[in-house]
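Working notes, beginning with the structure itself.
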Amino acid sequence: MGAVQLILGLVAVAVSIVAWSMFVRTILGFVKTIKLGQPDPTRNGPFVPRMKTMVAEFAAHTRMVKFRHVGWAHWLVMWGFLIGSAALFEAYGEVFVPTWGWPVLDHWSVWHLLMEVLGVGTIVGGLWLAVIRQRNHPRRADRLSRFQGSNMWQAYFVETVVVFEGIGILGVRAAKSAMGAHEVPTWAAFVSNPVGELLPASPNLVSALAFIKLMGAMVWVYVVAKYMTMGVAWHRFSAFFNIYFKREADGGVALGAMKPMMSGGKPLDFEEADPEKDVFGAGKVEDFSWKGWLDFTTCTECGRCQSQCPAWNTGKPLSPKLVITQLRDHAYAKAPYLLAGGKRDMMGEEIGLTGDNPHAGIDVLALAESERPLIGGPEENGVIDPEVLWSCTTCGACVEQCPVDIEHVDHIVDMRRYQVLIESNFPSELGGMFKNLENKGNPWGQNAKDRLAWTEELDFEVPVFDGELAAETEYLFWVGCAGAFEDRAKKTTRAVAELLHTAGVNYVVLGSEETCTGDPARRAGNEFLFQMLAQQNVEVINSVFEGREASKRKVVVTCAHCFNTIANEYPALGGKYEVVHHTQLLNKLVRERRLVPVAPVAEDVTYHDPCYLGRHNKVYEAPRELVSASGAKLREMPRHADRSMCCGAGGARMWMEERIGKRINVDRVDEALGTAPTKIATGCPFCRVMLTDGVTARQSDGLAAESVEVVDVAQLILAAVKRGQPEPADTPTDQTSTGTPLPDEDKSPTAGN
């Protein structure tokens, strides 16, 4: 060991002690800060399935590869960081002893090959990620950049260090090769051996390069230790935990059922709840669970959620990414106040800090942050603007695309819950909807006696439940509010009833006994109203199936929102049924030849995936197979399957006006018209209403042919099953299709990845 080695080694150790001490202190700070969130015992297990999910998601990058042009590069960088850490710590020995290497491993050629591949892979991956960031820079107009609003300098810093460390791995290895520190065959050192031939055989060079490599890493450690909100760096550590503790233990994303209202780690009981003690949604950042705080910490600011958000893409102020980063910045700025015991009551008065000088020792910025309302406009200095909060359609595109399993929709709905239940502060249009649900049992305020009006045009009798379910009755046909009252949706209801009648399926409807499932109330934040409606429905449906075993309690639903609610949310209230969407049942009947298409629908059809049927419940194949079975030619929109664009109706947005930006339904219709269809098919009455309104708007603008119409998939198959249907209108000759038929491999739930 020479003087150079001794000096460089001691400096490296001294700098490292400082940097690593800061790093460990920051880690401990993270743990203390995240524990400020509310308890959530639902995340504790089971261990094996959660661990399997975590290993699969990080090792195989199962979610990251949804953006294929990014996934491979990030995979290289990730493994370069994890396994390449061995090269980093090896550098401590190489500074002092240039020929030093890991015992056993240093004599294994495969190990050297792995280090070589990691060095090259890290450089290539890091450079490619920087290129992607440049190509999608926020300088791009019209919100085309998913990085708009992201901290670009932090990302470039991380990518620079990544490339620097990759070069460092190969540089040190090449210098060691030059001095013959180890005999490694060229196949295992395909870069360092050739480069080593160009370098002088100098132990000082090895030590110097190892020192530089270490200092580059220590700069990274020092910087990230200073910035707790640097998600683009910290996700390397927190993502493992965030994935493991995701809401669904089976590995599914946080879609489908809405997260129940929790207080103190238990589901909130409205009969015993006390607003002074219990947590009603999220009115302050500390009302989020510790998993929420972990979500905020883990956000990488990659903007995938933002790029898929229908609100963001139509000029609304909502960006799922920015919601999370704003909550993160607020949470960590307020944390010193909370850690000191600070707490405010519902009126904003301090009740946690006492004494003559209660604010002593607390950062003044933390005190200022503690006074900010969680929800409020610019004049109130709120963290989240109300326009942002109420722009969400709960479509789940953000959750579906997030590579680190952040649960955006749950957090947004929790904030809505507080605004509705405690503040009574929500868009005025929702007031009428809530009143209609409470008094009339449907959002339109129609009379329950009119729930069977849709049957009047049918030439057969629709069986209505009369208090006793016949043994041969197989299904309860849940019509839904839209299917019973909305004129366009009634056509779907009649089509399904006629097809079930034709196929000889025994079913009953509830008629006036049916009421809203509560979906719009729950997504709008009115959990109390949802519970009231849901419990009433569960009681009615259970009485229908009284005496039947669970496997024979079958419900068929035409509304995607009713389908999701009954299938995924009613079980928690004692309503466990086998729920199928009408497209699934009709597809089954076609396969069984109980429905035989005899008059092909010779038209070009594009299919719109309802969010609550597709993304939330992974039903992609059945409706597409029905479109094909009808004889129509299916043409996919660019955004389809799990990347389908929302129609704009979810999250109770159907009852709220769009006053900002382009209308979401018009944007979706424009995309549909790009395939030059004669019909736009869907499988949800909400979608049908929104898309029909969009088509009408475009027809009035002269941008859509008068012959284009929106139909339910059931209507297509009914036209194919029945003979003597009128010939469909011809596609105008000036419309040229830009879509492509759906390949077989894209009929899976992963289509569009």
Side-chain angles (χ1 to χ4, degrees), residues 441 448-481 483-484 490 492-518 533-560 562-596 617 619 622 626 683 712-714 717-718 721-722:
K449 64 182 180 61
D450 295 327
R451 278 190 175 269
L452 288 173
W454 62 271
T455 65
E456 294 171 359
E457 297 182 23
L458 296 174
D459 57 6
F460 58 90
E461 185 176 348
V462 173
V464 181
F465 180 68
D466 59 2
E468 185 175 350
L469 196 65
E472 65 273 11
T473 301
E474 187 176 3
Y475 288 96
L476 168 63
F477 179 12
W478 186 270
V479 176
C481 300
K490 286 181 184 178
T492 300
T493 310
R494 283 192 286 267
V496 172
E498 193 165 350
L499 287 165
L500 296 180
H501 178 75
T502 301
V505 176
N506 290 307
Y507 68 93
V508 294
V509 298
L510 288 176
S512 59
E513 291 298 309
E514 191 178 292
T515 192
C516 179
T517 60
L533 294 168
Q535 289 170 3
Q536 178 181 336
N537 282 326
V538 167
E539 183 178 340
V540 170
I541 299 174
N542 284 346
S543 69
V544 171
F545 290 120
E546 188 175 4
R548 283 203 177 183
E549 55 189 273
S551 62
K552 293 184 179 180
R553 297 185 169 200
K554 299 180 180 181
V555 181
V556 58
V557 187
T558 59
C559 175
C562 296
F563 171 70
N564 177 71
T565 302
I566 299 174
N568 298 322
E569 297 180 343
Y570 280 14
L573 301 173
K576 298 182 179 180
Y577 322 109
E578 180 184 325
V579 187
V580 296
H581 190 254
H582 72 282
T583 58
Q584 294 174 304
L585 178 56
L586 295 179
N587 193 47
K588 176 175 177 285
L589 296 174
V590 170
R591 287 181 171 184
E592 293 174 351
R593 306 291 294 171
R594 294 170 69 180
L595 289 175
V596 182
N617 287 284
V619 178
L626 277 178
D712 190 276
V713 173
I717 202 68
L718 178 63
V721 168
K722 291 178 65 176

Minimum heavy-atom separation for [X] and [Y], please, with both atom names.
X	Y	result
N568	P571	C-CD, 3.7 Å
F477	T558	CE1-CG2, 3.6 Å
V555	V557	CG1-CG2, 3.8 Å

Table please: side-chain donor-acceptor pairs of residues 535-542 below 3.5 Å, with sequence neighbours left out.
residue: N537; atom: ND2; partner: T515; partner atom: O; Å: 3.4
residue: N537; atom: ND2; partner: C516; partner atom: O; Å: 2.8
residue: N537; atom: ND2; partner: L533; partner atom: O; Å: 3.4
residue: N537; atom: ND2; partner: Y570; partner atom: OH; Å: 3.1
residue: N542; atom: OD1; partner: R553; partner atom: NH1; Å: 3.4
residue: N542; atom: OD1; partner: Y577; partner atom: OH; Å: 2.8
residue: N542; atom: ND2; partner: V538; partner atom: O; Å: 3.4
residue: N542; atom: ND2; partner: G574; partner atom: O; Å: 3.4

Look up atom CG in L718 and atom CG in L626, then write down how far apart they are to the nearest 0.5 Å.
12.0 Å
Rounded to the nearest 0.5 Å, how far does CD of E474 lie from CG of L469?
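Those atoms lie 11.0 Å apart.
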[X] vs [Y] side-chain heavy atoms within contact, under 4.5 Å:
X	Y	answer
K449	S512	no
C481	R451	yes
W478	V579	no
R548	T473	yes
L476	F465	no

Residues at least two apart in sequence or cross-chain that pass side-chain contact (heavy atoms from CB on, under 4.5 Å) with E592, listed by chain then number, are K588, L589, R594
In chain order, what residues pass the side-chain contact (heavy atoms from CB on, under 4.5 Å) check against E456, with sequence neighbours excluded?
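side-chain contact (heavy atoms from CB on, under 4.5 Å) check on E456 returns A453.
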Would you check if the side chain of R494 reaches a backbone N or O of W454 as a donor-acceptor pair within less than 3.5 Å?
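Answer holds: yes.
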Assess the residue pair V713 and H581 against the criterion (side chain to side chain contact (heavy atoms under 4.5 Å, CB included)); give the C-alpha distance rounded to whole Å, side-chain angles, the decisive distance to 0.1 Å, and a yes or no.
CA-CA 12 Å; V713 173; H581 190 254; over 6 Å; no
Please enumerate all residues that pass salt bridge (Lys or Arg N to Asp or Glu O under 4.0 Å) together with E578, with sequence neighbours excluded.
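In terms of salt bridge (Lys or Arg N to Asp or Glu O under 4.0 Å), with neighbours along the sequence ignored, E578 is linked to no residue.
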For R591, which residues count as a salt bridge (Lys or Arg N to Asp or Glu O under 4.0 Å) partner, sequence neighbours excluded?
E625
Could you check whether H582 and D712, counting side-chain N and O atoms only, form a donor-acceptor pair closer than 3.5 Å?
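D712 vs H582: donor-acceptor pair found between side chains.
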Side-chain donor-acceptor pairs of residues 498-511 under 3.5 Å, sequence neighbours excluded:
residue: E498; atom: OE2; partner: K722; partner atom: NZ; Å: 3.1
residue: T502; atom: OG1; partner: E498; partner atom: O; Å: 2.8
residue: N506; atom: ND2; partner: E472; partner atom: O; Å: 3.2

